Q: 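Below you will find the structure I want to go over with you.
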There are 2 protein chains.
Amino acid sequence: MLDAAVDAFAERGFGGTSTRDVAVRAGRSTAAVYVHYESKEALLYAISLEGHMDALDCLRCAYASSEEPAARVHGMVLAFSDWHMENAKLARVVQYELHALSEEHRADIVSRRRRFQRLMVGALRDGVRAGQFNVEDVNGTARALLSLCIDLVRWFDPARGGDPWAIAQLNADLALRMVGEV
Amino acid sequence: MLDAAVDAFAERGFGGTSTRDVAVRAGRSTAAVYVHYESKEALLYAISLEGHMDALDCLRCAYASSEEPAARVHGMVLAFSDWHMENAKLARVVQYELHALSEEHRADIVSRRRRFQRLMVGALRDGVRAGQFNVEDVNGTARALLSLCIDLVRWFDPARGGDPWAIAQLNADLALRMVGEV
DNA sequence: GTCTATATGTTGATAGAC
DNA sequence: GTCTATCAACATATAGAC
């Protein structure tokens, strides 16, 4: 059911998807949707929540798996880029359908999103403090590094080929240049 | 009429917008929409076409206004970033609503989009040939530079403040690092 | 070119049988 | 938990008067 909704929302957007679209993809009736979810918006929230938690786990894990600043930033951009390509449909919904959430749900998700930025800012500060990075605008640069990863969902299409790992490697290498690694 | 549609599509997405939404914003009846545009999709195509032409003009102009490779790439990222913030609503529709176009219209737009990539690839090759840039993957790096600019429309909100020019400058400075400027 | 009125299908969501 | 059947509201688009 969730998978069916992810596919549909990713393909046509939340507004362009009907509960019937979702039900048909899941091989169920429209009524069956409402047994599990209170509304179409609640379905989107469930997807968005799961996606944000999974992506944050991914980025936290990468942060924790190295103490050396350059290796850490490299690993974070590598993992976060890869996540967006390996979970292309989910990531698309996560990144582009926030506007359709209710006010309360959106506030919850927005506060979760700040953690991505904080984590990346932390990684940059570590490198600056250690004298290994040359970054003037830590917040802006962190934002740009996340942008590089997130924007992958706009154009990357698993069906059209392209090697996710090679793309993630390129992003990670560019990231080290962006932080002015010494 | 077009402005009203840009506002609506940017806020709620194409699928989440009704022709009534557009008509009300424009201070007209729904019937009036169909005097000027054959369908809701035709309205989206008109917006998308105008937006892509304007953005391409912007990037071409930046390309042409310098011969020196580093200044050229800096200027391109500066101008393209700025365009996405100064035309935030239009840019949002341009970048995120392609999926809602008819097959013919989408094909037309997609072929126009390739010109952005070609222009940036050209700028990078110039710098590599001149021995001023150190870029292994020209296509991938050009894609990343455009990503940095385009992803601004996902989060930049003119209403919430933030200095577009400072953000554009940061992106342009990061771009020079990304191309390994000597 | 604009409107009011309307045709025709689709929407999110519910009722009630099994 | 699943279905079929259905509701009221809304969708896109058109007809025809001014």
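All of these numbers come straight from a predicted model, not from anything done at the bench. Numbers restart at 1 for each chain; the letters A, B, ... are given by sequence-line order, proteins then strands.
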Q: Restricting to pairs with a member in residues 139-182 of chain A, which pass ring pair (Phe, Tyr, Trp, His ring centres under 6.0 Å), not counting sequence neighbours?
A: none
Q: Using five base pairs at each end, measure the axis-to-axis angle across the helix from dG1(C)-dC18(D) to dC18(C)-dG1(D) and round it to 10 degrees.
A: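 It comes to 0° between the two terminal axes.
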Q: With the threshold set at 4.0 Å, does a side-chain nitrogen-carboxylate oxygen contact exist between R60(A) and D57(A)?
A: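 Salt bridge between R60(A) and D57(A), a charged N being under 4.0 Å from a carboxylate O: no.
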Q: Applying the 4.5 Å side-chain criterion to the ILVMFWY set and letting contacts propagate, would F14(B) and V94(B) be lumped into a single cluster?
A: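 Yes, it is one cluster - the side chains of F14(B) and V94(B) are joined through contacts under 4.5 Å.
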Q: Examine I109(A) and I150(A) and state if one hydrophobic cluster contains both, with Ile, Leu, Val, Met, Phe, Trp and Tyr joined whenever side-chain heavy atoms are less than 4.5 Å apart.
A: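 No, separate clusters.
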Q: Not counting sequence neighbours, list each pair that qualifies as a ring pair (Phe, Tyr, Trp, His ring centres under 6.0 Å) and has a residue in residues 40-70 of chain A.
A: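 Output for this query lists Y45(A)-H105(A).
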Q: Quick check on the hydrophobic clustering: are M1(A) and V93(A) connected, directly or via other members, by side-chain heavy-atom contacts under 4.5 Å?
A: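 Per the 4.5 Å side-chain linkage, M1(A) and V93(A) are co-clustered.
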Q: Would you list the pairs meeting ring pair (Phe, Tyr, Trp, His ring centres under 6.0 Å) in which at least one residue belongs to residues 116-141 of chain A, sequence neighbours left out?
A: F80(A)-F116(A)
Q: How does protein reach along nucleotides 12-18 of chain C, written 5' to 3' as B (base within reach of a heavy atom under 4.0 Å), S (only sugar-phosphate), or - (no contact)?
A: BBBB---
Q: Tell me which donor-acceptor pairs under 3.5 Å the side chains of residues 173-182 of chain B have, and how far apart each pair is, sequence neighbours excluded?
A:
residue	atom	partner	partner atom	Å
D173(B)	OD1	H74(B)	NE2	2.9
R177(B)	NH1	N134(A)	O	2.8
R177(B)	NH1	M178(A)	O	2.9
R177(B)	NH2	N134(A)	O	2.8

Q: For R12(A) and dA11(D), what is the distance between atoms CZ and C1' respectively, to the nearest whole Å?
A: 15 Å
